[in-house]
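The structure is given below, and queries will be raised subsequently.
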Amino acid sequence: MAQVQIQFPDGSVRPYDSGTTGYEIAKSISPRLAKVAIAVMVNGRVRDLSYPISSDAPVGILTFDDAAGREVFWHSSSHIMAQAVQELFPDAKLAIGPPIDEGWYYDFDVKKPFSPDDLAKIEKRMGEIIAEDATFSCEERDKQAAIDHYREKGEDYKVELIEDLGDEALTFYAHSRFEDLCRGPHIPRTGIVKAFKLITSSGAYWRGDEKRPMLQRIYGVSYPKKGMLDEYLHRLEEAKKRDHRVIGKQLELFTIGEDVGAGLVLWLPRGARIRNQIENFWREEHLANDYDLVFSPHVANRDLWLQSGHADFYSENMYGAIKVDEREFQLKPMNCPFHITMYKSRLWSYRDLPLRWAELGTVYRYERPGVLHGLMRVRGFTQDDAHHFVARDHMEDELVWILDFCVHMLKSFGFSDYNIFLSTRPEKAIGDPEDWKKAEKGLQSALERSGLPYSIDEGEGAFYGPKIDIQIKDAIGRAWQCSTIQFDFSLPERFDMVYTDSDGQKKRPFMIHRALLGSVERFFGVLIEHYAGNFPLWLAPTQVKVLPIADEFNEYCAKVVDRLKKENIRASLDSRSEKIGAKIRAAEVLKVPYMFVVGGREAEADSVAVRKHGTGDIGVKTVDEAVAFLKAEIESRGIVEQPELSGN
RNA sequence: GCCGGCGUAGCUCAGUUGGUAGAGCAGCUGAUUUGUAAUCAGCAGGUCAUCAGUUCGAGUCUGUUCGCCGGCUCCA
């Protein structure tokens with residue numbers, strides 16, 4: 001019999017009979033591997049374990065430890081769930097059921113949405129299917145036969161899917177009493193799913209289009225070991241504890257209430273202290289980097305928004321007009337028209353460019369009720385906005401400069417992991433295609449020169465220009481767009497902006513919008529989750545809590561607090577008639593970075609016993625030493641060590 | 001906006017088949033004077049989100065509006 005040379009990931013090469021399956025290879029390596037094997041990677045493609053290998057190939061056995069293996073595992077789990085659903089709800093029509101970051105979902109068209117009780121029933125049925133330990137098998141069919149088959153069964157969504165596919169033969173996967181159109185591959189047997197849970201159900205539009213029918217989606221997770229499910233659920237719990245809405249309440253940072261209105265943030269004193277630190281730092285860095293800081297009002301004559309075009313293409317997100325003296329005014333959803341009007345207040349020479357105008361500008365946008373989310377998605381927020389007006393030749397240098405500054409700012413707050421996207425020209429776009437190319441190239445080479453990894457979102461740019469978006473990931477794994485650098489070919493045109501070039505000719509400047517933190521609100525939310533409320537010292541609302549062990553030391557402690565305040569350290573005194581343990585607990589719960597414990601010994605020696613949040617007693621220091629110590633840490637803007645989420 | 005869930009004291013939550021509302025923490029008062037994560041006692045605190053309906057009777061059942069939560073869609 002012919003032999004094939006199988007190449008393993010460790011570099012070794014071994015001969016096998018032609019037609020050997022992935023499962024047989026796994027078994028030849030170890031019985032343990034045969035048990036946990038999910039799929040096989042052949043020539044870089046993921047295949048079923050039953051796939052016969054008939055030519056020399058690099059082969060890897062995939063288990064749940066491999067990302068590709070997990071996808072297969074979860075995808076198969078979605079099939080098992082789909083079977084359970086169709087057996088319990090025969091009317092349910094199948095849509096799609098892909099694996100996602102953690103687990104999977106499957107969309108169904110059902111008459112009645114699933115209730116929590118339904119999910120429990122489905123789980124029970126899934127358990128039975130898994131207990132059957134049914135094998136997955138694959139069959140090819142031609143396109144027309146597949147369409148006829150599904151049409152007969154009334155599976156309209158499947159018909160639509162197949163019609164959109166190419167003409168090559170389609171594969172169907174079957175297990176137990178269930179079959180589904182599927183590219184595969186799949187796990188060998190249902191029995192290797194040892195633990196699973198249906199997380200939630202929700203509505204989801206067919207193909208993500210709100211004009212198409214709303215389907216019912218069920219999310220689930222599954223694992224090859226019971227312990228892994230427990231670990232996942234525990235991780236969810238931990239992530240919940242970091243939720244900025246929970247911490248925001250616990251630490252009294254902000255509140256959002258019905259009385260004021262949905263999506264409108266009230267910054268409580270402790271949150272406001274952090275915001276002040278953020279904004280102070282932001283202003284200092286901008287002034288130190290050749291920005292000018294400007295201010296603009298919250299409303300403007302509606303004509304301004306007509307000229308900018310926002311009144312047309314952005315009206316869905318704008319609040320209604322405000323009537324003042326027979327004229328209509330508009331609450332601002334953007335800062336740009338103001339900065340442009342400032343630009344137009346005089347003539348500019350090429351010598352004046354680039355202009356860099358920054359503003360912490362509060363804007364108001366109508367967001368649909370269902371999309372509001374804590375601080376992450378609100379209706380009134382402050383953008384750390386800036387507009388750069390640049391001569392055409394200096395565009396690329398300016399972009400490199402902005403990106404550099406952007407990364408510097410994010411790193412200062414402890415963020416160094418980003419998802420970066422470069423979005424290019426969409427179908428419908430205004431402006432000279434040559435300019436677009438130039439701008440895209442400028443953005444791209446800025447990214448290249450920065451050495452940051454990025455991906456390109458083809459055709460995802462705004463109609464008025466290409467952009468770079470930078471996302472920061474929060475504790476629960478959601479990525480939030482914070483920084484954005486956007487080119488604008490539209491507004492300079494609409495407002496007929498010009499500068500006088502060296503040849504005396506009037507030329508149109510390029511305009512770049514940019515926000516580094518994005519919005520102060522969202523950035524704060526990400527910051528809270530990133531640090532789980534344990535802010536670095538320079539941001540902490542209260543940096544030091546001074547704790548006398550008995551009333552007789554209150555006076556000395558008050559002096560210590562005064563001294564700290566004079567040194568610009570945010571300190572306060574806990575003079576309640578409580579035991580020291582209770583005072584410490586109160587400060588620990590509020591995640592105050594440092595506590596100064598003071599009794600007779602310290603009061604006599606002009607010193608304090610320093611306790612660090614989360615660490616404990618770190619020894620006695622004189623007040624002078626303690627001040628120097630704190631100032632050094634504040635100065636460094638040092639990142640506080642974070643307790644890792646378990647399981648990470 | 002769409003699908004589902006939820007809304008009880010400042011906070012976290014109990015509240016049985018419909019029968020006049022409960023705890024812990026926080027707050028206030030008093031006692032206690034304390035050495036590294038909760039001292040004790042007392043007091044006060046609620047139009048059960050809102051409006052309407054069913055009922056002899058609604059926190060509990062039905063509908064409305066508002067808000068929140070998980071998604072979809074959209075975005076800083």
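Each chain gets a letter, A, B and so on, in the order its sequence line appears, and its residues count up from 1.
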Inset, instruction - Would you kindly give the CD-to-P distance between A:E588 and B:A37, to the nearest whole Å? - result: 8 Å
Legend entry - Heavy-atom protein contacts under 4.0 Å, nucleotides 60-66 of chain B, coded B base, S sugar-phosphate only, - none: ------B
Inset, instruction - Return the stems involving RNA chain B, sorted by first number, where pairs are Watson-Crick (N1-N3 with N6-O4 or O6-N4) or G-U wobble (N1-O2 and O6-N3), both under 3.5 Å, and runs are 3 or more long. - result: B:1-7 with B:66-72, B:10-13 with B:22-25, B:27-31 with B:39-43, B:51-53 with B:61-63
Legend entry - Rounded interatomic separation in angstrom, taking CG from A:D574 and P from B:A38: 14 Å
Protein-nucleic acid N or O pairs under 3.5 Å, nucleotides 15-17 of chain B:
none

Legend entry - Parallel, tilted or perpendicular: ring planes of A:F535 versus A:F524, cut at 30 and 60 degrees: parallel
Inset, instruction - Give one of base, sugar-phosphate or nothing for A:A262, where a contact means two heavy atoms less than 4.0 Å apart. - result: sugar-phosphate
Inset, instruction - Name all residues meeting the ring-ring contact (aromatic ring centres under 6.0 Å, His included) criterion together with A:H310; count only those two or more places apart in sequence or in a different chain, and write none if there are none. - result: A:W305, A:F313
Inset, instruction - Name all residues meeting the side chain to side chain contact (heavy atoms under 4.5 Å, CB included) criterion together with A:A587; count only those two or more places apart in sequence or in a different chain, and write none if there are none. - result: A:K545, A:V592, A:M595
Every protein N/O lying under 3.5 Å from an N/O of nucleotides 2-6 of chain B:
unit_1, atom_1, unit_2, atom_2, d
B:C2, O4', A:Y205, OH, 3.3
B:C3, O2', A:Q216, OE1, 3.1
B:C3, O2', A:Q216, NE2, 2.9
B:C3, O2, A:G203, N, 3.0

Inset, instruction - Scan A:E252 against the nucleic acid and name what it touches under 4.0 Å (heavy atoms): base, sugar-phosphate only, or nothing. - result: nothing
Legend entry - Nearest-nucleotide comparison on RNA chain B, the residue closer to the 5′ end among A:E210 and A:G261: A:G261
Inset, instruction - May I ask you to evaluate whether A:R245 reaches the phosphate of B:G70, defined as a side-chain N or O under 4.0 Å from OP1 or OP2? - result: yes
Inset, instruction - Tell me which residues in residues 603-617 of chain A put a heavy atom below 4.0 Å from RNA chain B, sorted by number, or none. - result: A:A609, A:R611, A:D617
Inset, instruction - Check whether any side-chain nitrogen or oxygen of A:K249 sits under 4.0 Å from OP1 or OP2 of B:U12, and answer yes or no. - result: yes
Inset, instruction - Starting from the 5' end of RNA chain B, give me the residue, A:G263 or A:E602, whose nearest nucleotide shows up first. - result: A:E602
Inset, instruction - Evaluate whether the aromatic ring of A:W480 and the six-membered ring of the B:A76 base sit under 5.5 Å apart, centre to centre, with an inclination under 30°. - result: no
Inset, instruction - Mind calculating the distance between CD1 (A:I549) and P (B:G35) to the nearest angstrom? - result: 6 Å
Legend entry - Whole angstrom value for the distance that separates C1' of B:C72 from CH2 of A:W206: 14 Å
Inset, instruction - May I ask you to verify whether the side chain of A:R207 and the base of B:C72 hold a donor-acceptor pair under 3.5 Å? - result: no
Inset, instruction - List for me each residue that meets salt bridge (charged side-chain N to carboxylate O under 4.0 Å, His left out) alongside A:K211, sequence neighbours excluded, and say none if there are none. - result: none
Legend entry - 4.5 Å side-chain heavy-atom contact, A:R601 and A:V620: no
Inset, instruction - Apply the salt bridge (charged side-chain N to carboxylate O under 4.0 Å, His left out) test between A:K93 and each candidate in A:D107, A:D109, A:D156; give the one that qualifies. - result: A:D156
Strictly under 3.5 Å: I want the nitrogen or oxygen pairs between protein and nucleotides 30-32 of chain B, one per line.
unit_1, atom_1, unit_2, atom_2, d
B:U32, O4, A:S577, OG, 3.3

Inset, instruction - Give A:G600 one of three labels, base, sugar-phosphate or nothing, depending on what nucleic acid heavy atoms sit under 4.0 Å from its own. - result: base
Inset, instruction - For A:R217, answer base if it contacts any base atom (sugar-phosphate contacts may also be present), sugar-phosphate if it contacts only those atoms, and nothing otherwise; contact means non-hydrogen atoms under 4.0 Å. - result: sugar-phosphate
Could you pull out every donor-acceptor pair under 3.5 Å between side chains of residues 248-257 of chain A and any protein atom, sequence neighbours left out?
none

Inset, instruction - Ignoring hydrogens and angles, answer whether the base of B:U36 and the side-chain atoms of A:R585 contain a donor-acceptor pair closer than 3.5 Å. - result: no
Inset, instruction - Using a 4.0 Å heavy-atom cut-off across all strands, classify A:Y105 as base, sugar-phosphate, or nothing. - result: nothing
Inset, instruction - Could you check which residues of residues 264-283 of chain A get a heavy atom under 4.0 Å from RNA chain B? Sort them by number, please. - result: none
Inset, instruction - Give one of base, sugar-phosphate or nothing for A:Q250, where a contact means two heavy atoms less than 4.0 Å apart. - result: nothing
Legend entry - Donor + acceptor pair across side chains of A:T424, A:E458 (<3.5 Å): yes
Inset, instruction - Select base, sugar-phosphate, or nothing to describe what A:V378 touches, counting heavy atoms under 4.0 Å on all strands. - result: base
Inset, instruction - Using atom CE of A:M376 as one end and atom P of B:C75 as the other, report the distance to the nearest whole Å. - result: 18 Å
Legend entry - With A:E279 via salt bridge (charged side-chain N to carboxylate O under 4.0 Å, His left out) - residues at least two apart: A:R275, A:R283
